[in-house]
Amino acid sequence: MVKPAHNLIAYNSQICVDDKFKFIVATDVTSSGTDKQELHHMAMQTKEVITNPDLVILADKGYYSAAEIKKCVDDGIKTLVPYAQTGQQQKNAGKFTKDKFVYNTEKDSYICPNNEEIPKSISSNVRNGRLMFIYRPKISTCTACPIKYKCLGKTTRYKQIQRWEEQELLDKYYQDLETPEAKSLMKKRGSIVEHPFGTIKRSLGWDHFLVRSKKKVQGENALIMFTYNLKRLLNLIGVVLFRKLMIAIKEGDIESIREEIALYIAKIVSNIFMVEFRQSNF
């Protein structure tokens with residue numbers, strides 16, 4: 001895994017945590033060095049556990065992937081994942097960034113800062129599994145442009161813009177991220193998911209896996225997360241009710257405390273409407 005100061009040899013442990021009680025509702029282990037392919041996979045696991053139609057999935061920008069977001073949209077899962085801002089290097093160099101080129105929906109073309117049209121070409125390519133359409137003007141248009149020095153490199157003859165075939169979906173997604181509701185939810189993100197890993201690594205003392213091979217690590221990871229959830233459950237319902245539950249199950253008389261248990265479960269489940277992704281290294 002790539003870290004700011006070094007590369008780390010580690011397993012990538014993923015968890016989804018509810019915002020109300022800090023339960024881990026889904027978990028998995030990967031050997032991938034990034035989180036970019038985990039959003040839809042973990043969101044689907046979460047959706048199977050939490051059936052609340054207002055469920056919102058939060059994640060940090062390390063999970064941002066246009067393809068993963070589309071999968072979530074297709075499966076009716078609402079996500080809020082900020083995207084990494086690009087183009088700062090171009091801005092620093094005094095160059096136009098992509099947002100300065102305005103897309104014309106009717107003509108399926110772009111308008112450049114010099115008010116010239118950049119039409120769609122017959123060319124396309126596939127980048128990271130996504131079909132990208134290519135837009136470019138005539139060479140003569142760029143050659144005669146008085147501000148081409150702010151757009152092109154010294155040896156570049158014409159401007160070229162690539163647009164994903166599902167770009168409209170992303171544009172709508174970006175708009176949703178800018179709403180006051182979305183910004184408010186994103187501010188809560190860190191306080192939701194840092195709680196479990198802090199408890200696991202500090203209070204429970206698990207800061208690394210003890211076994212080898214992915215299959216064994218997945219088993220150890222599941223036990224760790226189960227232990228955390230059990231600890232949370234005891235804190236929420238208390239030892240007395242938990243003891244009643246265990247005795248009732250042992251004696252096959254769950255009906256005797258069904259109403260009392262149902263009251264607690266209803267209270268917990270009805271308040272879960274948002275979960276957040278997090279990964280940690282062990």
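Positions are given from 1, in the same order as the sequence printed here.
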Checklist entry - Got a sec: does the CD of Glu168 have more than 12 other heavy atoms crowding it under 6.0 Å? => result no
Checklist entry - Do Asn229 side-chain atoms and Ile24 backbone N/O form a donor-acceptor pair below 3.5 Å? => result yes
Item to check | Backbone of Pro137 reached by a side-chain donor or acceptor of Thr141 within 3.5 Å | outcome: no
Checklist outcome for this item: Only one of Lys36, Glu68, Gln14 passes side-chain hydrogen bond (donor to acceptor under 3.5 Å, both in side chains) with Tyr63, and that residue is Gln14
Item to check | Salt-bridge present (Lys183, Glu178; N to O < 4.0 Å) | outcome: yes
Checklist entry - Is there a donor-acceptor pair closer than 3.5 Å between any side-chain N or O of Ser184 and the backbone N or O of Pro180? => result no
Item to check | Hydrophobic cluster membership, Leu245 vs Leu234, 4.5 Å side-chain cutoff | outcome: yes
Checklist entry - Can you tell me how far the CZ atom of Arg243 sits from the CD1 atom of Ile237, to the nearest 0.5 Å? => result 11.5 Å
Next on the checklist: Apply side-chain hydrogen bond (donor to acceptor under 3.5 Å, both in side chains) to residues Gln45 and His41 and explain how you reach the verdict.
Outcome noted: CA-CA 7 Å; Gln45 286 194 46; His41 168 64; 3.1 Å; yes
Next on the checklist: According to a hydrophobic-cluster definition based on side-chain heavy atoms being under 4.5 Å apart (Ile, Leu, Val, Met, Phe, Trp, Tyr only), do Leu55 and Met44 belong together?
Outcome noted: yes
Item to check | cation_pi(Arg163, Tyr103) dist<6.0 Å, angle<=45 | outcome: yes
Checklist entry - Does Lys120 come within less than 4.0 Å of Asp108, counting only side-chain N to carboxylate O? => result yes
Checklist outcome for this item: To the nearest 0.5 Å, atom CZ of Phe21 lies from atom CG of Asn235 at 12.0 Å
Next on the checklist: Check for me, please, whether Leu185 and Tyr173 land in the same ILVMFWY cluster - side-chain distances under 4.5 Å, paths through other members count.
Outcome noted: yes
Checklist entry - How far apart are the closest heavy atoms of Met186 and Ala59, and which atoms are they? => result CE-O, 3.7 Å
Next on the checklist: Please determine whether side-chain hydrogen bond (donor to acceptor under 3.5 Å, both in side chains) holds for the pair Glu38 and Asn12, giving the CA-CA distance in whole Å, both sets of side-chain angles, and the decisive distance to 0.1 Å.
Outcome noted: CA-CA 10 Å; Glu38 302 305 320; Asn12 192 340; over 6 Å; no
Checklist entry - For Lys100, does the NZ atom have more than 12 heavy-atom neighbours from other residues, nucleotides or ligands under 6.0 Å away? => result no
Item to check | Evaluation steps, side-chain hydrogen bond (donor to acceptor under 3.5 Å, both in side chains), between Gln90 and Thr97 | outcome: CA-CA 6 Å; Gln90 288 177 288; Thr97 52; over 6 Å; no
Next on the checklist: Starting from Leu170, can I reach Phe101 by hopping between I/L/V/M/F/W/Y residues whose side chains sit under 4.5 Å apart?
Outcome noted: no
Checklist entry - In Å, rounded to the nearest 0.5 Å, how long is the span from NZ of Lys107 to CD1 of Ile118? => result 13.0 Å
Checklist entry - Given the rule in the side chain to side chain contact (heavy atoms under 4.5 Å, CB included) test, do Tyr228 and Lys231 qualify, once you have shown the distances and angles that lead to the verdict? => result CA-CA 5 Å; Tyr228 166 84; Lys231 185 178 178 67; 5.7 Å; no
Item to check | Whether Ser121 side chain and Ile134 backbone form a donor-acceptor pair below 3.5 Å | outcome: yes
Item to check | For Asn128, side-chain hydrogen bond (donor to acceptor under 3.5 Å, both in side chains) partners two or more places apart | outcome: none
Checklist entry - When hydrophobic residues are tied together by side-chain contacts of less than 4.5 Å, even through go-betweens, does Leu80 share a cluster with Tyr174? => result yes
Item to check | Identified side chain to side chain contact (heavy atoms under 4.5 Å, CB included) partner of Ser13 from the options Glu220, Met225, Gln218 | outcome: Met225
Checklist outcome for this item: Besides Ile111, the hydrophobic cluster formed by Ile, Leu, Val, Met, Phe, Trp and Tyr side chains linked at under 4.5 Å, directly or via other members, contains none
Item to check | Distance (rounded to the nearest 0.5 Å) between Phe23 CZ and Leu230 CG | outcome: 9.5 Å
Checklist entry - Which value, rounded to the nearest 0.5 Å, describes the distance between Thr46 atom OG1 and Ile15 atom CD1? => result 10.5 Å
Item to check | Under the side-chain hydrogen bond (donor to acceptor under 3.5 Å, both in side chains) test, residues paired with Lys47 that sit two or more places apart | outcome: none
Next on the checklist: Would you call the rings of Tyr64 and Tyr83 parallel, tilted or perpendicular, taking 30° and 60° as the class edges?
Outcome noted: tilted
Next on the checklist: Using a 6.0 Å cut-off, check whether atom NZ of Lys98 has over 12 heavy atoms from anything other than its own residue.
Outcome noted: yes
Next on the checklist: Within a 6.0 Å radius of atom CG on Asp171, are there more than 12 heavy atoms belonging to other residues, nucleotides or ligands?
Outcome noted: yes
Next on the checklist: A quick test of your reading: do over 12 heavy atoms of other residues, nucleotides or ligands sit less than 6.0 Å from CZ of Phe226?
Outcome noted: no
Item to check | Verdict with supporting geometry, Leu39 and Cys72, side chain to side chain contact (heavy atoms under 4.5 Å, CB included) | outcome: CA-CA 8 Å; Leu39 180 65; Cys72 290; 4.0 Å; yes
Checklist entry - Going through the distances and angles, do Tyr110 and Tyr135 end up as a ring-ring contact (aromatic ring centres under 6.0 Å, His included)? => result CA-CA 8 Å; Tyr110 281 88; Tyr135 297 75; 5.1 Å; yes
Next on the checklist: Whether Asp74 and Lys70 form a salt bridge (side-chain N of Lys/Arg under 4.0 Å from carboxylate O of Asp/Glu) is what I want to check.
Outcome noted: yes
Item to check | Main-chain N/O of Gly62 paired with Asp60 side-chain donor or acceptor, under 3.5 Å | outcome: yes
Checklist entry - Of all heavy-atom pairs between Leu177 and Pro82, which one has the smallest distance, and what is that distance? => result CD1-CA, 4.2 Å
Next on the checklist: Can you confirm whether Lys61 sits close enough to Val81 that some side-chain heavy atom of one is under 4.5 Å from a side-chain heavy atom of the other?
Outcome noted: no
Checklist entry - Mind checking what makes side-chain hydrogen bond (donor to acceptor under 3.5 Å, both in side chains) contact with Asp176, not counting sequence neighbours? => result Lys172
Next on the checklist: Using the side-chain contact (heavy atoms from CB on, under 4.5 Å) criterion, which residues pair with Val73? Sequence neighbours excluded.
Outcome noted: Ile69, Leu169
Run the side-chain donor-acceptor check on residues 147-161: report pairs under 3.5 Å with partners two or more places apart or on a different chain.
unit_1, atom_1, unit_2, atom_2, d
Lys148, NZ, Thr143, O, 3.3
Gln160, OE1, Arg136, NH1, 3.2

Next on the checklist: Please give me the minimum heavy-atom distance between Pro196 and Lys22, naming the atom from each residue.
Outcome noted: CG-O, 4.2 Å
Checklist entry - Can you check whether Phe133's main-chain N or O pairs, donor with acceptor, with Gln162's side chain at less than 3.5 Å? => result no
Item to check | Worked verdict on Thr30 versus Tyr11 for side chain to side chain contact (heavy atoms under 4.5 Å, CB included) | outcome: CA-CA 6 Å; Thr30 75; Tyr11 286 99; over 6 Å; no
Checklist entry - Within the distance-only criterion (no hydrogens, no angle test), does the side chain of Asp75 pair as donor or acceptor with the backbone N or O of Ile77 below 3.5 angstrom? => result no
Checklist outcome for this item: Value for NZ (Lys78) from CG (Asp54), rounded to nearest 0.5 Å, stands at 8.5 Å
Item to check | Test item: Val217 and Arg212 side chains (from C-beta on) under 4.5 Å apart, heavy atoms | outcome: no
